[in-house]
Amino acid sequence: MVIDGVLERIRKASMLTQKVNTENLVTKIEKEQKNSYNCQLCKDTTWILDDTGKVVERCKCYEIIKVREQWEASGLKTDDLDKTFKSYEHWNNLSKQMKSVTTNYYFRFKEIEKTKHNSILLCGQPGSGKTHLSIALANNFIKKDSKRVVYMPYRDVITKLKQNILDKEYYKNLVSKYQMAEILLIDDLFKGKVNETDINIMFEIINHRYLNKLPIIVSTEYLVEEMLSYDEAIGSRIYEMAKDFIVEIKGQENNYRLR
């Protein structure tokens, strides 16, 4: 009988140990699954469900995923999409000022979004970090504010539009994409040789956004006066839209790549 009692206690202890181990394993799996989701709200399904499992609405992450895919299809690398204000290292007073103007623009955006001065222009010296800060702005708008930002690499888009200019429906749809974007990021405006067709296409896009108070983020190697010399109609509209948030960078000492 004594032996039977000992064996019973051993059996119960074993069962208890197995139960604890099983519970720990389940907890561990649940934690791992939770940590593996990019979006905790929808568990990466892109749908929000109620307590009964019924679909309520699309998750906010759905638009972000679509935009990221669109950006990557436009030629942006995944590494570029991770650029932030924090990762931008200023190395002199002018680069510090450019970062300050850019972050100030972001923090004031809700205040100015519907006004005619709701844009930002970073222009001048190559290698000064204009694209980095432009993308950091876009990332903030996408991730923190669920804004739909459309990335427009100037040279690539202009070339594509000119190649399809005779296909009226395709051309109209593509131009409309940049005209109607909630926020448009134009990277390297007027990069390369610029001709009359380039000017006409850009005027279509910029003028529409100017008239409808749709914000633009512009980076270009050309200073304001140089942009005006290319085309005063485009340059003056960009200047007016971004007049409160313009940074001009002059001099090779501001090229981070040449340090």
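This structure is a prediction, so every number in the text was calculated from the model and none was measured.
For Y105, the ring pair (Phe, Tyr, Trp, His ring centres under 6.0 Å) test picks out F109, F245, with sequence neighbours left out. Evaluation of the side-chain hydrogen bond (donor to acceptor under 3.5 Å, both in side chains) rule for E232 yields no partner, not counting sequence neighbours. With sequence neighbours excluded, the residues forming a side-chain contact (heavy atoms from CB on, under 4.5 Å) with Q97 are L94, V101, listed by chain and number. For R108, the salt bridge (charged side-chain N to carboxylate O under 4.0 Å, His left out) partners at least two apart in sequence or on another chain are E111. Remark: E225 engages no residue in a salt bridge (charged side-chain N to carboxylate O under 4.0 Å, His left out) (not counting sequence neighbours). Y239 pairs by the side-chain hydrogen bond (donor to acceptor under 3.5 Å, both in side chains) definition with nothing, not counting sequence neighbours. Shown here are the side-chain hydrogen bond (donor to acceptor under 3.5 Å, both in side chains) partners of D145, two or more places apart in sequence or in another chain: Y106. Applying the side-chain hydrogen bond (donor to acceptor under 3.5 Å, both in side chains) test to Y88 and every residue at least two apart in sequence or in another chain returns nothing. The side-chain contact (heavy atoms from CB on, under 4.5 Å) test applied to K86 returns T84, not counting sequence neighbours.
Looking at every heavy atom in both residues, T102 comes nearest to I120 through CA-CD1, 3.9 Å. Minimum interatomic distance between M202 and L189 (heavy atoms only, all atoms of both residues): CE-CD1, 3.7 Å. Heavy atoms only, all atoms of each residue included: P215 and S119 are closest at CA-OG, 3.5 Å. Heavy atoms only, all atoms of each residue included: L185 and A138 are closest at CD1-CB, 3.9 Å. The minimum heavy-atom distance between R148 and E182, with the atom names listed, is N-OE1, 2.9 Å. Closest of all the heavy-atom pairs between L228 and S236 is CD2-N, 3.4 Å.
With hydrophobic clusters built from ILVMFWY side chains whose heavy atoms lie under 4.5 angstrom apart, V175 shares a cluster with I165. By the rule that hydrophobic residues join a cluster once side-chain heavy atoms approach within less than 4.5 Å of another member, M152 and Y222 end up as members of one cluster. Hydrophobic clustering (ILVMFWY, side-chain heavy atoms < 4.5 Å, transitive): L161 and M180 are in distinct clusters. Linking Ile, Leu, Val, Met, Phe, Trp and Tyr residues whenever their side-chain heavy atoms come within less than 4.5 Å places I205 and F190 in a single cluster. Hydrophobic clustering of Ile, Leu, Val, Met, Phe, Trp and Tyr side chains at less than 4.5 Å, counting indirect connections, unites L166 with Y171.
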| said: Does D198 form a salt bridge (Lys or Arg N to Asp or Glu O under 4.0 Å) with R155? I'd like the steps, not just the answer. | reply: CA-CA 9 Å; D198 300 342; R155 188 74 260 157; 3.6 Å; yes

| request: Kindly indicate, with the supporting measurements, whether the criterion side chain to side chain donor-acceptor pair (under 3.5 Å) is fulfilled by Y154 and D187. | output: CA-CA 6 Å; Y154 167 78; D187 193 23; over 6 Å; no

| said: Walk me through whether S100 and H90 qualify under side chain to side chain donor-acceptor pair (under 3.5 Å). | reply: CA-CA 10 Å; S100 176; H90 60 80; over 6 Å; no

| message | K250 vs Q125, test: side chain to side chain contact (heavy atoms under 4.5 Å, CB included). Steps then yes/no. | response | CA-CA 5 Å; K250 304 176 184 179; Q125 184 63 44; over 6 Å; no

| task | Evaluate side chain to side chain contact (heavy atoms under 4.5 Å, CB included) for E248 paired with I246, printing each intermediate quantity in order. | result | CA-CA 7 Å; E248 292 188 286; I246 295 177; 4.3 Å; yes

| request: In sequence, state the C-alpha distance, the side-chain angles, and the governing distance for I186 and Y178, and then conclude on side chain to side chain contact (heavy atoms under 4.5 Å, CB included). | output: CA-CA 9 Å; I186 306 173; Y178 302 110; over 6 Å; no

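Distance alone, capped at 3.5 Å, is enough to place a donor-acceptor pair between the N139 side chain and the K83 backbone. The backbone N or O of I201 sits nowhere less than 3.5 Å from a side-chain atom of E204 that would complete a donor-acceptor pair. Looking only at distances, no side-chain donor or acceptor of R237 sits under 3.5 Å from a matching main-chain atom of N207. Under a 3.5 Å cut-off, the side chain of D231 and the backbone N or O of I234 do form a donor-acceptor pair.
For residues 129-140, the set of pairs meeting the salt bridge (Lys or Arg N to Asp or Glu O under 4.0 Å) definition, not counting sequence neighbours, is empty. For residues 116-129, every residue pair satisfying the salt bridge (Lys or Arg N to Asp or Glu O under 4.0 Å) rule, not counting sequence neighbours, is listed here: K116-E240. For the ring-ring contact (aromatic ring centres under 6.0 Å, His included) condition, no pair includes a residue of residues 111-130, sequence neighbours left out.
Counting heavy atoms from C-beta on, the side chains of T220 and L121 come closer than 4.5 Å.
In this structure, E113 pairs ionically with K147, as a charged nitrogen and a carboxylate oxygen lie closer than 4.0 Å.
Atom CG of N195 has more than 12 heavy atoms from other residues, nucleotides or ligands within 6.0 Å. Annotation: L211, atom CG; neighbour count of heavy atoms from other residues, nucleotides and ligands within 6.0 Å is above 12.
For the 3.5 Å distance criterion, the side chains of S176 and H208 fail to qualify, holding no donor opposite an acceptor. Side chain to side chain, S95 and N92 meet the donor-acceptor criterion of an N or O pair below 3.5 Å.
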